[in-house]
Amino acid sequence: MTAVEQKAGAWRGADLGTRTVSYDERDAILYALAVGAQPATDLDLVLEDRLRVLPTFALTLAQWAPDELGSRGAFDTGTALHGSQELTVLAPLPRRGEVELRASVGEVWDKGAAAVFEVRVECEYFVATWSIFAPGAGGFGGERGPSKPAGPQGEPELTASLVTAANQAALYRLTGDRHHIHIDPEAAARIGQPRPIMHGLCTLAAATLPLARLLGAHPADLATLQGRFAAPVFPGDVAELRAWGGRDDVSFEVIGDGRAVISGARASFA
């Protein structure tokens, strides 16, 4: 058993510290543009004097937390994958300000050949949970954890196209996650991809814009969100958004090239 395997379970409940992050209207607008907001339809997401901050912007503010766990040696950062994401909105983010974030490790599940670390970030505005799938870190004798939820049944009640831009991953990198696999073809090739891939969080957040329009809601009224990252999306792709339900509880998935790229997703809008 490797050192990582021996200690994976010991990270359960670990305190990852507190950090105060600041931002202004420019940061929130850049984020909105990076996830596909358009001035013609989403003016109040990109114009400072009437700005509404997208709730998923919170995930860029808190990205330091899973990075902190990796830097402490909990898992191999070269092989670990972002498996899924959850977000609960407690209050609207202001247009600018400082946010004090508290981070900790939640559960650590033992999947046998891998471990799944839950990283939880809390503040007065939101609670966000990353699930990090870490190959080679399992086998420590812990609980296996919940199974993958079943997908929606039957034909979707609502559908829309999710159009990504050729430069979208390059733009999203400027919000904080600058991993080279999202811009450098050589880095993408090293993980077996033919070209740079979209950030999973970018794809998930981008899906909430057409989803809100389908439901007659505003994207900034997002109240809860969760989704699993099943396969990569490439910048410039057009994917299909499929949804079941209404604005207070909607299940959805994103399909690209005939396969789910975002699966097991749910959202609600205030």
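There is no side-chain donor-acceptor pair under 3.5 Å between Trp244 and Gln153. Trp130 and Gln85 share a donor-acceptor pair across their side chains, judged by distance under 3.5 Å alone.
Judged by distance alone, with hydrogens and angles left aside, the side-chain atoms of Asp184 form a donor-acceptor pair with the main-chain N or O of Glu186 at under 3.5 Å. In terms of modelled atom types and a separation under 3.5 Å, the side chain of Arg19 and the main chain of Ala65 share no donor-acceptor contact. Distance alone, capped at 3.5 Å, places no donor-acceptor pair between the Arg120 side chain and the Val105 backbone. Remark: the backbone N or O of Thr56 is paired with a side-chain donor or acceptor of Tyr31 at under 3.5 angstrom. With hydrogens and angles ignored, the 3.5 Å screen pairs no side-chain donor or acceptor of Asp67 with any backbone N or O of Gly70. Between the side chain of Arg50 and the main chain of Leu43, no donor-acceptor pair closer than 3.5 Å is present. Remark: the backbone N or O of Gly236 is paired with a side-chain donor or acceptor of Thr164 at under 3.5 angstrom. A distance-only check finds a donor-acceptor pair linking the side chain of Asp110 to the backbone of Phe140 [under 3.5 Å]. With hydrogens and angles ignored, the 3.5 Å screen pairs no side-chain donor or acceptor of His180 with any backbone N or O of His182.
Residues Met198 and Pro235 are in side-chain contact: their nearest non-hydrogen atoms beyond the backbone lie under 4.5 Å apart. Tyr172 places a side-chain heavy atom less than 4.5 Å from the side chain of Leu201. For the pair Lys7 and Val108, the minimum side-chain heavy-atom distance is 4.5 Å or more.
If you chain together hydrophobic residues whose side chains sit under 4.5 Å apart, Val21 and Leu16 fall into the same group. Note on Phe75: it does not cluster hydrophobically with Leu81, by side-chain heavy-atom contacts below 4.5 Å among ILVMFWY residues. Criterion: ILVMFWY side-chain heavy atoms under 4.5 Å apart, direct or through other members. Under it, Val99 and Ile29 are part of a common hydrophobic cluster. Under the 4.5 Å side-chain contact rule for hydrophobic residues, Leu174 and Leu61 share a cluster.
Taking all atoms of both residues into account, the shortest heavy-atom contact from Arg95 to Glu48 is NH1-O, 3.3 Å. Taking each heavy atom of Ala37 and Leu45 in turn, the nearest pair found is CB-CD1, 4.1 Å. Looking at every heavy atom in both residues, Leu158 comes nearest to Gly245 through CD1-O, 4.3 Å. Of all non-hydrogen atoms in Gln168 and Ala34, the two that sit nearest each other are NE2-O, 3.0 Å. Pro66 and Ala62 make their closest contact through CD-O, 3.6 Å (heavy atoms, listed as atom of the first residue, atom of the second, distance). The two residues Ala137 and Ala115 come nearest to each other via the heavy atoms O-CB, 3.5 Å.
Interatomic distance, His218 NE2 to Asp44 CG, rounded to the nearest 0.5 Å: 3.5 Å. How far CH2 of Trp64 is from CG of Leu69: 11.0 Å, rounded to the nearest 0.5 Å. For the atom pair CD of Glu107 and CD of Glu118, the computed distance is 6.0 Å after rounding to the nearest 0.5 Å. Note that the CH2 atom of Trp109 and the CZ atom of Arg12 stand 7.5 Å from one another [nearest 0.5 Å]. Atom CG in Leu241 sits 9.0 Å away from atom CD in Glu253 (nearest 0.5 Å). In this structure, CG in Leu101 is found 12.0 Å from CD in Gln63, a value given to the nearest 0.5 Å.
Enclosure of atom CG in Asp49 by more than 12 non-hydrogen atoms of other residues, nucleotides or ligands within 6.0 angstrom is indicated.
Of the residues Leu209, Val35, Leu211, the one that meets the side chain to side chain contact (heavy atoms under 4.5 Å, CB included) test with Pro219 is Leu209. For the side chain to side chain donor-acceptor pair (under 3.5 Å) criterion with Ser268, the lone passing option out of Thr88, Thr224, Asp249, Asp221 is Thr224.
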- Item | Val127/Leu90 under side-chain contact (heavy atoms from CB on, under 4.5 Å): CA gap, chis, key distance, verdict | CA-CA 8 Å; Val127 178; Leu90 305 179; 4.1 Å; yes
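Evaluation of the ring pair (Phe, Tyr, Trp, His ring centres under 6.0 Å) rule for Tyr23 yields Phe57 as partners, not counting sequence neighbours.
Counting Ile, Leu, Val, Met, Phe, Trp and Tyr side chains that sit under 4.5 Å apart, directly or through other members, Ile197 shares a hydrophobic cluster with Ile181, Ile191, Phe234.
Using a cut-off of 4.0 Å between Lys/Arg side-chain N and Asp/Glu carboxylate O, Arg242 and Glu240 are scored as salt-bridged.
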